[in-house]
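Before any comments, here is the structure.
Naming convention: chains lettered A, B, ... in sequence-line order (proteins, then strands); numbering from 1 in each chain. Remember, it's a predicted structure, so these values are computed and weren't measured experimentally.
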There are 4 protein chains.
Amino acid sequence: MTRRTPLLLQIAPGDPRPINRQIVDGVRRLIASGELPVGAALPSVRGLAQQLTVNPNTVAKAYSELSAEGWLDARAGLGLFVAPPRQRLSKAEVERRLEEAVQRFVGDVIALDVPADRVLERVADELAQLAPKRSA
Amino acid sequence: MTRRTPLLLQIAPGDPRPINRQIVDGVRRLIASGELPVGAALPSVRGLAQQLTVNPNTVAKAYSELSAEGWLDARAGLGLFVAPPRQRLSKAEVERRLEEAVQRFVGDVIALDVPADRVLERVADELAQLAPKRSA
Amino acid sequence: MTRRTPLLLQIAPGDPRPINRQIVDGVRRLIASGELPVGAALPSVRGLAQQLTVNPNTVAKAYSELSAEGWLDARAGLGLFVAPPRQRLSKAEVERRLEEAVQRFVGDVIALDVPADRVLERVADELAQLAPKRSA
Amino acid sequence: MTRRTPLLLQIAPGDPRPINRQIVDGVRRLIASGELPVGAALPSVRGLAQQLTVNPNTVAKAYSELSAEGWLDARAGLGLFVAPPRQRLSKAEVERRLEEAVQRFVGDVIALDVPADRVLERVADELAQLAPKRSA
DNA sequence: GTGGTCTAGACCACG
DNA sequence: GTGGTCTAGACCACT
C-alpha cells in the first residue's frame with residue numbers, strides 16, 4: 001500500500017518563484033486538495049530531483065521545509081509520507097500570516113490596473129479549484 | 001501645481017518587504033488613489049532618501065522601477081513627475097502577472113487552513129481600501 | 001544602536017548534535033534568556049561561519065530555521081534581527097511537541113540508571129538557568 | 001525460567017523515532033521495569049523481526065546495541081539473555097550522557113514557551129510511569 | 001557588505 | 001535504497 005506515484009509536479013522556468021518554493025507550494029497544494037492522501041509516500045529526494053532535473057539538495061530543502069511545517073513526516077531509510085492533519089499555528093499567527101500575504105498580494109496586483117472584481121474572481125476560482133477535502 | 005510636496009510615505013522597519021519594495025508600493029498607491037495627481041512632482045532621490053533615512057541608491061532604484069512601469073516620467077533636469085494614465089502593460093503581460101500573483105498568494109494562503117470566504121473578504125477589504133480613484 | 005555583538009556561541013566537537021542544531025539551540029537559548037534582546041542584530045552568516053569555522057551554508061541553514069520558527073527576522077542587505085515574541089504554535093501543537101521531547105528524553109535517560117530525583121534536579125537547574133526574561 | 005516469551009513490544013508507524021531506536025527503548029524499558037527478569041531469553045532476531053514485520057538487520061542492530069550497553073548477554077548457540085544488573089557505564093560517562101540529554105531536551109523545550117513547572121511535571125510523570133523496579 | 005538560492009559532490013545513519 | 005548533514009563555490013537581489 002501507499003505505492004509511490006509519479007508526482008504530478010512541474011517546475012516552470014518562467015516562474016519567478018525559486019525552485020524550492022515551487023516544490024513546496026506544489027506539494028502543499030496536492031496535499032490540501034486531497035490528491036495526496038494522508039499516509040501517501042512521496043517520491044524520493046533523489047527521484048524527484050531527477051524527474052525535475054534539479055539538484056537533490058534543492059528537493060531535500062523543500063521536503064525539509066514541508067516536514068518542519070508539519071505537512072510531511074520523514075522516516076530515515078523509508079522515505080517521506082503525508083502527515084495527518086493538525087492545527088499547527090496559533091490563531092494569532094495564522095492571522096498575522098494571512099495579513100502579510102494579503103498585503104503583498106494586493107501590493108502586487110494594484111500595479112496591474114485590474115478591476116477588483118476580476119481579481120477576486122480569479123482568487124475565488126483558484127481557491128475553489130483546491131476542492132478542500134483536507135482543510136477544515 | 002508641480003510643487004514638491006513632502007511625500008506622505010513611511011518605511012516600517014517591521015515590514016517584511018524590502019525597503020525598495022515599500023517605496024514602490026507606497027508611491028504606486030499614492031498615485032492610484034489620486035493623492036498624487038497627474039503631473040505632481042516627486043521628492044528628489046536625495047530628499048526622499050534623507051526623509052526616510054534610507055540609502056539614496058535604494059530610492060533611485062525604486063524610482064527607476066516606477067518609471068520603467070510607466071507610473072513616473074522623468075523631465076531632464078527637473079525631476080520626476082506622475083505620468084498620465086496609460087496602458088502600461090500589454091493585456092497579455094497583465095494576465096501573466098495577475099496569474100502569477102494569484103498562484104503565489106494561494107500558495108501562501110493554502111498553508112494557513114483559512115476558509116476561502118475569509119480570504120476573499122480580506123482581499124476585498126484591502127482592495128477597497130486603496131480607493132482606486134484613478135485606475136480604470 | 002543594535003550593534004553586532006561577538007556572539008557567545010560555541011560549537012562542541014564532541015556534541016552529538018549536528019552543527020546546525022547546535023547553532024539553532026544556542027541562539028534560541030540566548031534569545032529565550034534575554035541575552036539577545038528583541039531587535040538585536042545577529043552576527044552575519046559569513047561572520048559567524050568564520051567565527052565557528054564552519055561553512056557559511058551551515059550557519060545560513062540554522063538562521064533560516066530560526067526565521068521560519070519566528071525567532072529571527074531577516075532583512076536582505078541588512079542582516080538578521082531578533083524578532084518580537086509571538087505565540088506561534090497552537091496549544092495542541094505545543095502539547096504534541098512537549099510530549100515528543102519528554103518521551104525521547106526519558107528514553108535516553110532511563111538507560112543511564114540515574115535516580116529520578118537527580119534527573120529532575122538537573123532539568124530544573126537547566127531550565128532555571130535560562131532566567132526566562134522573555135518567555136511568558 | 002529461560003523460556004522464550006512472546007515479547008510485548010510494538011512498533012508504532014507514527015512514532016518519529018527510528019525503528020531500531022524503538023526496539024532498543026522498548027527492550028530497555030521491559031528490563032528496567034522487571035517485566036523481563038534477569039536471565040530471561042529474548043526472541044531470536046528472525047523471530048522478532050517477523051513479529052514486528054521489520055527488517056532482521058534492524059533487530060540485529062538493536063540487539064547488538066543492547067549487548068554493547070550491557071543489558072543483554074549472548075550465550076553462544078543459545079541466544080540472548082537479560083544480563084544481571086551491573087554498572088554498565090563509568091560514572092563519568094553517565095554524567096556526560098545525562099548532561100547531553102538534558103541539554104538537548106531543554107533545547108527542544110525552550111522553543112515551546114512552556115512553564116518550567118509543567119515541563120518538570122511531565123518528566124516526573126514519565127519517569128514514574130517506568131516503575132524502575134530494577135534500576136538502583 | 002547583507003541574506004537567499006542553487007549546484008556539485010561527500011559522508012553518515014537507517015532499513 | 002532512504003533522508004540528513006556538511007563542505008565548496010557560484011550567482012542573485014537588496015542596501
> Are B/E65 and B/K61 within salt-bridge range, i.e. N to O under 4.0 Å?
Replying inline: no
>> Can you see if the side chain of D/N20 gets near the phosphate of E/dC14 - specifically, an N or O under 4.0 Å from OP1 or OP2?
In response: yes
>> Expressed as a whole number of angstroms, how long is the span from A/D73:CG to F/dG4:P?
In response: 11 Å
> Should F/dC14 form a Watson-Crick or G-U wobble pair with both distances under 3.5 Å, which nucleotide is its partner?
Replying inline: E/dG1
> If only atom types and distance count, is the side chain of A/R28 paired as donor or acceptor with the main-chain N or O of B/G107 below 3.5 Å?
Replying inline: yes
> Between E/dG4 atom C1' and A/E65 atom CD, what is the distance in whole Å?
Replying inline: 11 Å
> For the pair made of CG in A/L78 and C1' in F/dG4, what is the distance, rounded to whole Å?
Replying inline: 14 Å
> 5'-most contact on DNA chain F: A/G77 or B/I19, nearest heavy atom basis?
Replying inline: A/G77
>> Rounded to whole Å, how long is the line connecting atom CD1 of C/I23 with atom P of F/dT5?
In response: 12 Å
> What is the distance, rounded to the nearest whole Å, between atom CG of D/N55 and atom P of E/dG15?
Replying inline: 9 Å
> Hey, does the side chain of A/E93 reach the backbone of C/L89 with a donor-acceptor pair shorter than 3.5 angstrom?
Replying inline: no
>> Using a heavy-atom cut-off of 4.0 Å across all strands, would you classify A/R46 as base, sugar-phosphate, or nothing?
In response: base
> Does A/K61 make a side-chain N or O approach to OP1 or OP2 of E/dC6 shorter than 4.0 Å?
Replying inline: no
>> Tell me which nucleotide, if any, is Watson-Crick or G-U wobble paired with F/dC6 when both distances must be under 3.5 Å.
In response: E/dG9
>> Any side-chain N or O of A/T58 below 4.0 angstrom from OP1/OP2 of E/dT7?
In response: yes
>> I want to confirm an ordering. Mapping C/A76 and C/N57 to their closest nucleotides on DNA chain E, which one lands closer to the 5' end?
In response: C/A76
>> Pick the closest DNA chain E nucleotide for D/R17 and for C/S64 by heavy atoms, then say which residue is nearer the 5' end.
In response: C/S64
> Taking atom P of E/dG1 as reference, at what distance in whole Å does atom CG of C/L42 sit?
Replying inline: 19 Å
> In whole angstrom, what separates C/L80's CG from F/dT15's P?
Replying inline: 14 Å
> Is D/V59 close to D/I19 at the side-chain level, that is, under 4.5 Å between some pair of heavy atoms?
Replying inline: no
> Closest to the C/P18 side chain: F/dC6, E/dC6, F/dT2?
Replying inline: F/dC6
> Can you check whether A/E99 reaches A/Q103 side chain to side chain, under 4.5 Å on heavy atoms?
Replying inline: yes
> Tell me: CG of C/L48 to C1' of E/dT2, nearest whole Å?
Replying inline: 14 Å
